[in-house]
Amino acid sequence: MTEQADATPGGVYSSKGKAYTRDTRYLTTRIMRSVAPGEDAVLVEPGRFRLIAARACPWANRAIIDRRLLGLEDALSIGFPGPTHDADSWTLDLDPGGVDPVLGIHKLKDAYLRRDPDYPRGITVPAIVDTTAGAVVTNDFAQITLDMSTQWVEYHRPGAPDLYPLAQREEMDQVMRYIYTEINNGVYRAGFAGTQEAYNAAYDRLFTALDWAEERLSGRRFLMGGAITEADVRLFTTLVRFDAVYHGHFKTNRTKLTEMPALWAYARDLFQTPGFGDTVNFEQIKQHYYIVHRDLNPLQIVPQGPDLSGWLSEHGRDALGGAPFGAGTPPEPVRPEERAPHSILTY
């Protein structure tokens with residue numbers, strides 16, 4: 001997903017006089033272990049589907065992380081669009097010739113139009129494409145990652161973590177909903193506000209939620225306890241973009257991430273965990289927001305900062321106990337062809 005879903009054809013993201021409301025209409029076909037008659041779903045089949053996920057996009061970054069953590073590389077191939085797009089489509093311009101080597105397309109829009117020639121909404125990532133038909137199956141970003149955990153289990157790597165533990169799902173669903181409405185989408189609500197009043201309200205909501213997260217994480221290593229879950233993946237992708245983009249570009253400037261002690265240590269703990277920081281490309285993140293949002297940044301100047309070296313500093317979260325992968329193990333090193341270019345990590 002991207003805020004592109006809510007942009008006008010001219011690429012306007014913030015509308016004067018209006019509060020920001022995200023378009024949440026998606027292609028909700030699921031990819032499942034079994035399919036009941038009449039169900040809007042297709043069967044999991046290794047090698048058949050391709051995940052298209054831009055490193056720049058926080059919603060797509062979730063799927064990239066989960067795929068790494070669960071070890072789905074052999075079952076679900078991946079394509080990486082470049083960090084910028086126009087009002088028409090994300091493009092596969094990082095590939096040789098600007099064409100995805102599996103799908104044979106330059107614009108992701110082509111796969112949406114294969115699904116529906118009159119597709120009326122934004123061309124969003126992440127999207128999972130059926131390679132046999134060249135058509136998008138789903139762009140329902142929240143369900144995609146949950147299904148990676150629950151529907152692709154036969155193809156998980158040995159030692160894969162349980163990112164959606166059954167015993168915690170009721171509480172997790174509430175926590176993830178709050179994180180989505182107040183933090184993940186909260187930064188956009190502030191950044192794309194079209195009135196001072198809408199911005200003020202969005203700002204207050206966001207920092208109320210960040211204060212809640214700061215307090216929750218002061219006494220526990222991860223959101224649900226001693227091991228990483230899907231809830232942590234969802235919070236991380238906003239936190240890792242906070243100082244680089246949201247603090248300035250979206251005017252969420254009460255406090256930097258580096259000034260929130262528990263959240264900053266927690267974010268570094270995750271960043272330094274295999275599967276998280278090795279999916280992050282700060283250069284692409286900044287290019288996406290500062291170049292694409294021309295109405296917010298008309299000269300498209302991309303800031304040089306902030307200093308990123310702190311992401312590799314000692315976090316001290318081990319003292320809270322627990323183990324990131326629970327009873328499981330870390331994923332194998334990221335494959336050379338999937339390494340994030342310009343990463344601050346050494347592989």
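Model, not experiment: these values are computed from the prediction.
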Would you please classify the geometry between the [Y] ring and the [X] ring as parallel, tilted or perpendicular, with 30° and 60° separating the classes?
{"X": "Phe250", "Y": "His293", "value": "parallel"}
{"X": "Tyr289", "Y": "His249", "value": "perpendicular"}
{"X": "Trp264", "Y": "Trp311", "value": "perpendicular"}

[X] atom [atom1], neighbour heavy-atom count above 12 within 6.0 Å:
{"X": "Gln304", "atom1": "CD", "answer": "no"}
{"X": "Glu215", "atom1": "CD", "answer": "no"}
{"X": "Glu332", "atom1": "CD", "answer": "no"}

remark   = Heavy atoms of Leu76 and Trp152 approach each other most closely as CD1-CH2, 4.2 Å

When rounded to the nearest 0.5 angstrom, what is the spacing between [atom1] in [X] and [atom2] in [Y]?
{"X": "Phe192", "Y": "Lys251", "atom1": "CZ", "atom2": "NZ", "value": "10.0 Å"}
{"X": "Arg62", "Y": "Thr238", "atom1": "CZ", "atom2": "OG1", "value": "7.0 Å"}
{"X": "Asp278", "Y": "Arg335", "atom1": "CG", "atom2": "CZ", "value": "13.0 Å"}

remark   = In short, ring pair (Phe, Tyr, Trp, His ring centres under 6.0 Å) pairs touching residues 220-245 with sequence neighbours left out are Phe236-Phe276

ask   = Same hydrophobic cluster for Val99 and Val102, using side-chain heavy-atom links shorter than 4.5 Å among ILVMFWY?
value = no

inquiry  = Could you check whether Arg22 makes a cation-pi contact with Tyr188, meaning its NZ or CZ is under 6.0 Å from the centre of the six-membered ring and within 45° of the ring axis?
reply    = yes

query = Is it true that the NZ or CZ of Arg55 lies under 6.0 Å from the centre of Phe80's six-membered ring and within 45 degrees of the ring axis?
reply = yes

task = Name all residues meeting the ring pair (Phe, Tyr, Trp, His ring centres under 6.0 Å) criterion together with Tyr203; count only those two or more places apart in sequence or in a different chain, and write none if there are none.
result = Tyr199, Phe207

